[in-house]
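The block underneath contains the structure these notes are about, expressed in structure tokens.
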Amino acid sequence: MRNLAKIIQLSKEQQEFFSNFSEEHTYNTPAQIIYRGQIPHAAYILTEGKVLIRDGQKKIIHECTPGTIIGYYELFHNAEFTYTAEISAGSKVMILGRFTVLDIQKKHPEDIRHLLEIQ
Amino acid sequence: MNCKNDQCSGCQMRDLGIFCDLSESALNDLSEHKVSNIYKKGQTLFMQGNPPFGMYCISSGIVKITQVGSDGKESIVRLAKPGDTVGHRSLFSEQSYKATATAVQETKVCFYDKKYIQKLVKEQPTIAYNIISRLGRDLGAAEQKLTSFSQKNVRERLAELLLILKEGYGEKVDGRIKLNIKLTREEMASMIGTASETLIRFFTELKNEGLIEQEGKIIFILDEEKLLDFANIPS
């Protein structure tokens with residue numbers, strides 16, 4: 001995944017950890033949840049369905065499966081996305097907003113460092 | 001594109017937005033928690049049917065709010081301009097978005113996530129008051145639109161639409177009022193609940209009557225008083 005920042009596959013335990021901070025939501029309509037060049041509103045943990053990652057030329061470079069966390073690295077580092085992400089209709093995600101992420105980092109700094117070290 | 005270093009205290013839209021009453025320290029806190037991005041023309045902020053997780057404040061540009069009906073047709077229900085917020089109704093009603101928000105032109109948007117807004121509303125009552133005030137204003141506009149649809153003919157609705165656009169996007173230029181917004185005929189037709197062909201016919205009538213003129217895609221209002229008559233609005 002050339003030019004991609006971090007798209008991480010979470011273990012079941014890690015998904016459970018994040019489920020303490022966010023509920024699951026269903027995307028009834030396909031949508032662009034990430035635009036290349038923008039900075040993140042939120043990170044997304046895909047629990048069901050599919051998210052397609054495309055590069056600047058709209059080529060699909062990765063298909064995210066349930067358990068993937070998208071955008072956490074960019075949110076943590078306040079970095080621009082280098083890709084777009086499109087979620088399919090019927091997919092379910094846990095959404096971690098900026099405020100929630102800052103809260104997690106304050107209360108569980110070791111857990112977050114461990115998560116990012118997986119890279 | 002993003003706008004990482006913009007401070008809320010320096011925002012040109014500060015006095016038009018819901019955060020206008022906040023102190024400098026509160027605005028600094030706001031700046032820490034906002035995410036500013038630029039949306040290109042055609043990019044969506046959110047889609048009808050999807051879950052809300054924050055509120056968007058328009059800093060510059062224009063966002064159209066559209067709904068797709070059961071017949072699959074898309075209609076513009078509102079236009080959001082600098083100082084307006086979008087997405088707040090679904091956020092507070094805990095429902096999926098009832099409409100789609102799309103940038104009509106390059107638009108700068110500040111986003112505040114749901115948990116932060118909930119915290120802010122509890123700590124700063126003026127924010128809650130301003131949001132309620134906005135909701136009241138939006139409801140009034142929706143009721144007015146409903147009345148227009150039921151009581152006015154297409155010509156009157158078109159004239160009224162031009163006057164509404166003049167309020168939000170009008171600029172006096174050489175004795176005319178320039179509408180600083182480019183909408184397609186289809187978009188304007190959807191806003192007044194008619195077909196494009198019908199809109200074009202009445203548009204031509206307004207031009208022939210000397211009420212409006214066009215230069216490329218830009219519309220100029222020439223006679224506001226007469227347009228008010230056509231819209232059946234008391235001046």
Side-chain angles (χ1 to χ4, degrees), chain A residues 20-49 51 54 56 58 70-72 74-82 84-107, chain B residues 1-6 29-57 66-68 72 74 87 90-91 94-103 106-121 123:
Chain A
N20 294 317
F21 303 97
S22 175
E23 295 163 354
E24 200 177 57
H25 298 279
T26 304
Y27 271 73
N28 295 304
T29 312
Q32 294 282 141
I33 54 174
I34 288 170
Y35 282 109
R36 182 182 157 109
Q38 290 191 347
I39 52 175
H41 298 148
Y44 303 85
I45 299 171
L46 185 65
T47 55
E48 199 177 308
V51 170
R54 298 177 190 271
K58 299 192 179 176
I70 307 157
Y72 196 99
E74 289 86 351
L75 196 61
F76 186 76
H77 291 284
N78 206 32
E80 288 180 17
F81 288 115
T82 56
T84 59
E86 192 180 300
I87 191 165
S88 305
S91 298
K92 294 183 182 178
V93 290
M94 289 191 284
I95 301 171
L96 302 173
R98 177 173 288 270
F99 190 74
T100 302
V101 165
L102 290 173
D103 203 40
I104 294 172
Q105 281 161 198
K106 223 187 291 183
K107 292 176 182 167
Chain B
M1 282 169 275
N2 71 79
C3 323
K4 285 183 190 177
N5 299 317
D6 291 351
D29 184 60
L30 202 64
S31 293
E32 291 294 311
H33 289 92
K34 74 163 183 192
V35 176
S36 295
N37 278 308
I38 290 178
Y39 287 78
K40 296 177 192 171
K41 180 180 173 179
Q43 289 186 337
T44 55
L45 282 63
F46 53 81
M47 297 286 292
Q48 183 175 345
N50 287 343
F53 59 97
M55 192 169 78
Y56 299 82
C57 298
T66 56
Q67 277 186 341
V68 175
E74 185 181 85
S90 292
L91 194 67
E94 306 255 342
Q95 295 175 324
S96 299
Y97 287 121
K98 300 296 179 197
T100 296
T102 308
E106 188 172 277
T107 298
K108 184 179 161 193
V109 178
C110 297
F111 174 84
Y112 302 91
D113 83 32
K114 180 178 176 179
K115 288 200 174 162
Y116 178 70
I117 289 292
Q118 286 172 335
K119 171 183 166 296
L120 202 62
V121 164
E123 292 173 358

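Just so it is clear: chains get the letters A, B, ... in the order the sequence lines come, proteins before strands, and each one is counted from 1.
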**Message:** As an exercise, state the distance from OH of Y27(A) to OH of Y97(B), rounded to the nearest 0.5 Å.
**Reply:** 8.0 Å

**Spacing of Q32(A) atom CD and T44(B) atom OG1 [to the nearest 0.5 Å]** = 6.5 Å

**Message:** Between Y35(A) and chain B, with a heavy-atom cut-off of 4.5 Å, which part of the residue counts as in contact: side chain, backbone, both or neither?
**Reply:** side chain

**Engaged part of K114(B) at the chain A interface, taking heavy atoms whose separation is under 4.5 Å** = neither

**Asked** Which atoms form the tightest heavy-atom contact between N50(B) and A31(A), and what is the distance?
**Response** ND2-CB, 3.5 Å

**Asked** Would you call the rings of F99(A) and H33(B) parallel, tilted or perpendicular if under 30° counts as parallel and over 60° as perpendicular?
**Response** tilted

**Asked** Relative to chain A, which of Q43(B), Q48(B), M47(B) shows the most heavy atom pairs under 4.5 Å?
**Response** Q43(B)

**Complete:** Shortest non-hydrogen pair, G97(A) vs D113(B), comes out as C-OD2, 3.3 Å

**Message:** Can you confirm whether more than 12 heavy atoms, excluding those of K41(B), are under 6.0 Å from its NZ atom?
**Reply:** no

**Complete:** Heavy-atom closest pair (N28(A) atom, S96(B) atom, distance to 0.1 Å) is ND2-OG, 4.1 Å

**Prompt:** Side chain, backbone, both or neither: which part of T100(B) has an atom under 4.5 Å from a heavy atom of chain A?
**Reply:** neither

**Prompt:** Which bit of Y116(B) is near chain A, if near means a heavy-atom gap under 4.5 Å: side chain, backbone, both or neither?
**Reply:** both

**Close contacts, residues 84-92 of chain A versus chain B, judged by heavy atoms under 4.5 Å** = none

**Request:** Report the C-alpha separation of Q38(A) and V35(B) in whole Å, then their side-chain angles, then the decisive distance to 0.1 Å, and conclude whether the side-chain contact (heavy atoms from CB on, under 4.5 Å) test is met.
**Result:** CA-CA 9 Å; Q38(A) 290 191 347; V35(B) 176; over 6 Å; no

**Request:** With rounding to the nearest 0.5 Å, note down the distance linking NZ in K115(B) to CG in L96(A).
**Result:** 8.5 Å

**Request:** Among residues two or more places apart or on two chains, list those pairs meeting side chain to side chain donor-acceptor pair (under 3.5 Å) that have a residue in residues 95-104 of chain A.
**Result:** N78(A)-R98(A), D103(A)-K107(A)

